[in-house]
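Because only heavy atoms are used, hydrogens play no part in the values below, and waters and symmetry mates are left out as well, while side chains stay in. Sequence lines set the chain letters: A, B, ... in the order given, protein chains first and strands last, and positions in each chain run from 1.
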Amino acid sequence: MIIHNENLNIEQIAESGQCFRMNPIEKNTYSLIAYGRYLELKQIDESTVEFRCSEEEFKQLWKEYFDLTFNYKKIVDGLINGSDDFLKKAAEYGRGIRILKQEPFEALISFIISQNKNIPAIKSCIEAICKQYGERKINKELGGAEYYIFPRPEVLAQARCEDLRQCKTGYRDQYIIRAAQAVASGKLDLDSLIKCSHEEAVETLKSIHGVGIKVANCVSLYGLHHIEAFPVDVWIKKILKEIYQDKFDLNAYHGFAGIVQQYMFYYIRSNLIS
DNA sequence: GGCCAGGGCCCAC
DNA sequence: GTGGGCCATGGC
């Protein structure tokens, strides 16, 4: 499947810190494991991407996953033509980013793991967990490569601390187990949080041990697709302080602050600014 | 080899 | 309600 879209850049998405299982495999080409599937994507040119899958799979899954029905151009153009000089540059630089619709449970566990880790460490931790607890699959269409999907809640709910620590979770082992137990038992209904408001979702998520305001916002944004969520990590904190002197007006971006946040995050980490 | 990382908990104050 | 120590561990 060849897809044309001005605001679809696989490398930018993969490097934007929102997902942890999208990795480069060759030039301009990335692999991705999500929703029990393995996918390869190739950036043909600035606004063209090859999805290596059937048309049916694309329509059924990836079109939604990459949020391809949403108009990002409108938001990018709004920022580029706006009066905020920093956001102007950030949006221009990261205009191929989209907010993925990841699986809620995977997002929950992934961002619990993310606390006090850098992105490479988060990735290797998640890969180890998938290898140990996730179902093994073979991709028949794309060369028969094996891959491990993200484990189901019931499986992680029964994990042992010692085994999880082998995956380098550190002190987060109990957070992971208890969160998985909450989901597996039905005590935490993540799907129901998609329908309710972002604020309600964050409040509910924070009741999980090991989930604070930042992780809750990440789960809300990347796992529940509440694009008004605005996660503040050390990088965003640095921007808010150094660029905006802690006077950034979130209300100016009401309803899509999470997208703005993503441009900021990607831009500051690119090292283009000193 | 020390500092930092898409932080949160817990306990003083 | 707020601030600081502490947590486990890999990347750089």
I'd like to check A:Lys131 versus A:Tyr147 (side-chain heavy atoms, cut-off strictly below 4.5 Å). Are they in contact?
no

B:dC4 and C:dC6, which share atom name C1', separated by this distance in whole Å
16 Å

Touch check for A:Tyr175, heavy atoms < 4.0 angstrom, all strands: base, sugar-phosphate only, or nothing?
sugar-phosphate

Set of residues satisfying salt bridge (Lys or Arg N to Asp or Glu O under 4.0 Å) with respect to A:Glu154, sequence neighbours excluded:
A:Arg152

Which is the 5'-most and which the 3'-most nucleotide of DNA chain B that has an atom under 4.0 Å from a heavy atom of chain A?
B:dA5 to B:dC10

Under 4.0 Å, counting only non-hydrogen atoms across every strand here, what does A:Ile119 touch: a base, just sugar-phosphate, or nothing?
sugar-phosphate

Under 4.0 Å between any heavy atoms, over every strand shown, what does A:Gln174 touch: base, sugar-phosphate, or nothing? Just pick one.
nothing

When we call it a touch if two heavy atoms are under 4.0 Å apart, what does A:Tyr222 touch: a base, just sugar-phosphate, or nothing?
base

For residues A:Tyr38 and A:Tyr148, establish whether the separation of their ring centroids is below 6.0 Å.
no

Does A:Asp67 have any salt bridge (Lys or Arg N to Asp or Glu O under 4.0 Å) partners at least two apart in sequence or in another chain, and if so, which?
A:Lys101

Could you tell me whether A:Lys59 and A:Glu57 have a side-chain N and a carboxylate O separated by less than 4.0 Å?
no

Nucleotide N/O to protein N/O under 3.5 Å, stretch nucleotides 9-12 of chain C:
from, atom 1, to, atom 2, distance (Å)
C:dG10, OP1, A:Lys168, NZ, 3.1
C:dG10, N2, A:Asn118, ND2, 3.4
C:dG11, O4', A:Asn118, ND2, 3.1

First encountered from the 5' end of DNA chain B, between A:Val232 and A:His209:
A:Val232

Write down the distance separating the C1' atoms in C:dT2 and B:dG6, rounded off to the nearest Å.
23 Å

Would a line drawn from the ring center of A:Phe51 to the ring center of A:Phe66 be shorter than 6.0 Å?
yes

Parallel, tilted or perpendicular: ring planes of A:Phe265 versus A:Trp235, cut at 30 and 60 degrees
perpendicular

Just so I know, are the side chains of A:Tyr253 and A:Phe230 near enough to count as touching, which here means a heavy-atom distance under 4.5 Å?
no

Here the ring pair (Phe, Tyr, Trp, His ring centres under 6.0 Å) pairs for residues 171-206 of chain A, sequence neighbours left out, are A:Tyr175-A:His209

Can you check whether A:Tyr30 reaches A:Val49 side chain to side chain, under 4.5 Å on heavy atoms?
no

Have a look at A:Gly210 and say if it touches a base, only the backbone sugar-phosphate, or nothing, with a 4.0 Å heavy-atom cut-off.
sugar-phosphate

Distance, P atom - from B:dC3 to C:dG5, rounded to whole angstrom
15 Å

Using both pair distances under 3.5 Å as the test, note the stems of at least 3 consecutive Watson-Crick or G-U pairs that include DNA chain B.
B:2-5 with C:9-12, B:7-13 with C:1-7

Could you tell me whether A:Ser110 contacts a base, only the sugar-phosphate backbone, or nothing, with contacts defined as non-hydrogen atoms closer than 4.0 Å?
nothing

Between A:Lys206 and A:Lys214, which residue's closest nucleotide on DNA chain B lies nearer the 5′ terminus?
A:Lys214

Does the separation of the ring centres of A:Tyr93 and A:Tyr263 fall below 6.0 angstrom?
no

